[in-house]
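Just so it is clear, the model here is predicted, and its values are computed rather than measured. Throughout, a chain's letter reflects where its sequence line sits, starting with A, and its residues are numbered from 1.
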2 protein chains.
Amino acid sequence: MQSRQGRQDREDFSPGVTGGPVAAAGLDEMTAAKLWGNPCWLTYRLNYLALRYNVPLYNWVERTYGLSRPEYVVIYSLGLKDGALARDIANSSGFPQNTLSRAIQKLVGLGLIERTADDADRRCNVLRLTKEGRALFEESLPRFVDFEHMMLEALDEDERKTLSALMAKLVLASTGWPGRIGREESSQEKANS
Amino acid sequence: MQSRQGRQDREDFSPGVTGGPVAAAGLDEMTAAKLWGNPCWLTYRLNYLALRYNVPLYNWVERTYGLSRPEYVVIYSLGLKDGALARDIANSSGFPQNTLSRAIQKLVGLGLIERTADDADRRCNVLRLTKEGRALFEESLPRFVDFEHMMLEALDEDERKTLSALMAKLVLASTGWPGRIGREESSQEKANS
DNA sequence: ATCATATATTTCCAAATGGAACTTGTTTAT
DNA sequence: ATAAACAAGTTCCATTTGGAAATATATGAT
């Protein structure tokens, strides 16, 4: 019973996934190839799932509050940990400092956060949500939580615990991963416009 | 034995993760808050892990080949599934069509891919790697695979299978998730520039 | 004390980005 | 058969982005 349905003559790189989903319902062939025929199955699925979350939610934030993704990330970050520095938000979010600097300026102007110089170290600006900023955080948070709960509906409670634990293991190991890869030149020409 | 170490008076949102990693070695307080004190534990960990992979690798691609992320994504996509359309790459990668259109033009100019009109449907341009393009793909792929393997070193073989299966479940369920969230206005003012 | 080094943040600016309009070609409805 | 609707891809252009330099402050070495 050979399927012709786009199945590749390629080893299956997905450990623990039986053949079933290859002829995936609702997924185009290239997405299927990236999901099931990709030696980097983990990182593609990470990016894919992150995207399926980020796009609708940050789009909703933009339409609802007129805030860009980095701007909302500042709000969310302070919602979880108030009184932090721009640097902390940069490190934990991956947005560059200058992008966050602009976001912070705009949020201060909107009265959603306040920025006070730290007297102990005058380079540092301590950031806090204002009452309005916290109201926005608390109003918007349920959308994010609900969407995540919807994503997790596919798993039962045990599976959620297992997934949480496995991802936590990866995150804890991540402090040992390089933030940059060695800089030697390749045999290919460097091809710039 | 109460720790003062930045632990919040906040419920622990991470199912299946014991208290240990809260005082996480090598993670700053805000990252720890986002990882262990975040109601959206899944999606933050997805984004966090994706970032720890994307940043060093696409940075390496840029330095080594002078290709931007969307440009390399085209190469990688065709490496996995040759003879696809720009649309397929857009759908499977999340990059907008126009960004990919420019990337494709540059890659054609560099001789790394070729673009031929489909006679059956003349709107469509079938994309294929050239010999040089495939060489670049095959030379660069091991970097990506090696990095992913390094990420997975934290897990044993059973755990990898479990993680793969759980993420596959989420991906298969994702066809039912909305790509956009309802557009009603909020009680907050719309705060633009 | 002084100077080099490191850090937090901001500013500058060339380049990338992406929404929207446009072009070309195909499908569907009447 | 014709027109509306749809789809792939490109172009336009105002905005965003992020690397690098600049600024201000702090730390460490001599």
Side-chain angles (χ1 to χ4, degrees), chain A residues 28-30 51 54-56 58-63 66-74 77 83-109 113-127 179-180 183 192-193, chain B residues 28-30 51 54-56 58-63 66-74 77 83-109 113-127 179-180 183 192-193:
Chain A
D28 65 280
E29 275 191 48
M30 178 164 263
L51 203 69
N54 295 333
V55 168
Y58 288 109
N59 182 304
W60 173 80
V61 166
E62 161 63 33
R63 281 183 285 123
L67 298 179
S68 69
R69 181 167 172 188
E71 284 152 9
Y72 186 78
V73 162
V74 171
S77 300
L85 309 182
R87 173 205 46 159
D88 302 323
I89 302 176
N91 288 338
S92 60
S93 72
F95 283 98
Q97 282 259 15
N98 54 4
T99 295
L100 292 170
S101 176
R102 280 182 293 250
I104 288 162
Q105 284 172 321
K106 179 165 165 198
L107 293 171
V108 169
I113 68 173
E114 63 178 14
R115 175 174 40 180
T116 55
D118 180 352
D119 280 323
D121 184 340
R122 302 269 305 279
R123 291 171 302 184
C124 300
N125 288 329
V126 177
L127 305 172
R180 171 170 262 258
R183 48 167 49 62
N192 235 333
S193 48
Chain B
D28 65 281
E29 275 191 47
M30 176 161 266
L51 203 70
N54 295 333
V55 168
Y58 288 109
N59 181 304
W60 173 80
V61 166
E62 161 63 34
R63 282 182 285 123
L67 298 179
S68 68
R69 182 167 170 187
E71 285 153 8
Y72 186 77
V73 162
V74 172
S77 300
L85 310 182
R87 173 201 48 156
D88 302 323
I89 302 174
N91 289 339
S92 61
S93 71
F95 282 99
Q97 280 257 16
N98 54 5
T99 295
L100 292 170
S101 177
R102 281 183 291 251
I104 287 162
Q105 285 172 321
K106 179 164 166 200
L107 294 171
V108 170
I113 68 174
E114 63 179 14
R115 176 173 39 179
T116 54
D118 180 353
D119 280 322
D121 184 341
R122 301 269 307 275
R123 290 172 301 185
C124 300
N125 288 328
V126 177
L127 305 172
R180 173 169 261 259
R183 46 167 49 59
N192 235 332
S193 56

Return the nearest nucleotide to the side chain of [X]; candidates are [options].
X	options	result
A:Gln97	C:dC12, D:dA8, C:dT9	C:dT9
A:Pro96	C:dG25, D:dG18, C:dG18	D:dG18
B:Arg102	D:dT25, C:dT10, C:dT17	C:dT17
A:Asn125	D:dT10, C:dT10, C:dG18	C:dT10

Practice item. Take atom CZ of B:Arg122 as the centre, draw a 6.0 Å sphere, and report whether it contains more than 12 heavy atoms from other residues, nucleotides or ligands. Key: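 No, the 6.0 Å shell around CZ holds no more than 12 heavy atoms from other groups.
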
Check your understanding: Does B:Ser101 reach the main-chain N or O of B:Gln97 with its side chain, forming a donor-acceptor pair under 3.5 Å?
Key ->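 The answer is no, because no donor-acceptor pair under 3.5 Å joins these two groups.
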
From [atom1] of [X] over to [atom2] of [N], roughly how many Å is that when rounded to an integer?
X	N	atom1	atom2	result
B:Leu100	D:dT11	CG	P	14 Å
A:Ile89	C:dT10	CD1	P	11 Å
B:Ile104	D:dT10	CD1	C1'	11 Å
B:Asn91	D:dG9	CG	P	10 Å
A:Glu62	D:dT15	CD	P	13 Å
A:Leu85	C:dA6	CG	P	20 Å
A:Lys106	C:dT11	NZ	P	17 Å
A:Leu67	D:dT15	CG	P	17 Å

Point to revise | Check: D:dG19 base within 3.5 Å donor-acceptor of A:Asn98 side chain | key: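 Check passes, donor-acceptor contact within cut-off.
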
Review point. With distance as the sole criterion, do the side chain of B:Asp121 and the base of C:dG25 form a donor-acceptor contact below 3.5 Å?
Key: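 There is none.
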
Point to revise | 5′-ward residue of the pair A:Arg122/B:Ser101 relative to DNA chain D | key: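 Final value for this comparison: B:Ser101.
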
Check your understanding: When rounded to the nearest 0.5 angstrom, what distance separates CD in A:Gln105 from CD1 in A:Ile113?
Key ->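 That separation rounds to 10.0 Å.
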
**Study point:** From CG (B:Asn91) to CG (B:Leu100), nearest 0.5 Å
**Key:**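 The CG atom of B:Asn91 sits 10.0 Å away from the CG atom of B:Leu100.
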
Review point. Strictly by modelled atom types, are B:Asn59 and B:Arg63 linked by a side-chain donor-acceptor pair under 3.5 Å?
Key: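 Yes - a donor-acceptor pair under 3.5 Å links their side chains.
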
Practice item. Give one of base, sugar-phosphate or nothing for B:Arg69, where a contact means two heavy atoms less than 4.0 Å apart. Key: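 No contact.
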
Check your understanding: Can you find a side chain N or O atom of A:Arg123 that sits less than 4.0 Å from OP1 or OP2 on C:dT9?
Key ->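 It does not, given that no N or O in the side chain of A:Arg123 lies less than 4.0 Å from OP1 or OP2 of C:dT9.
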
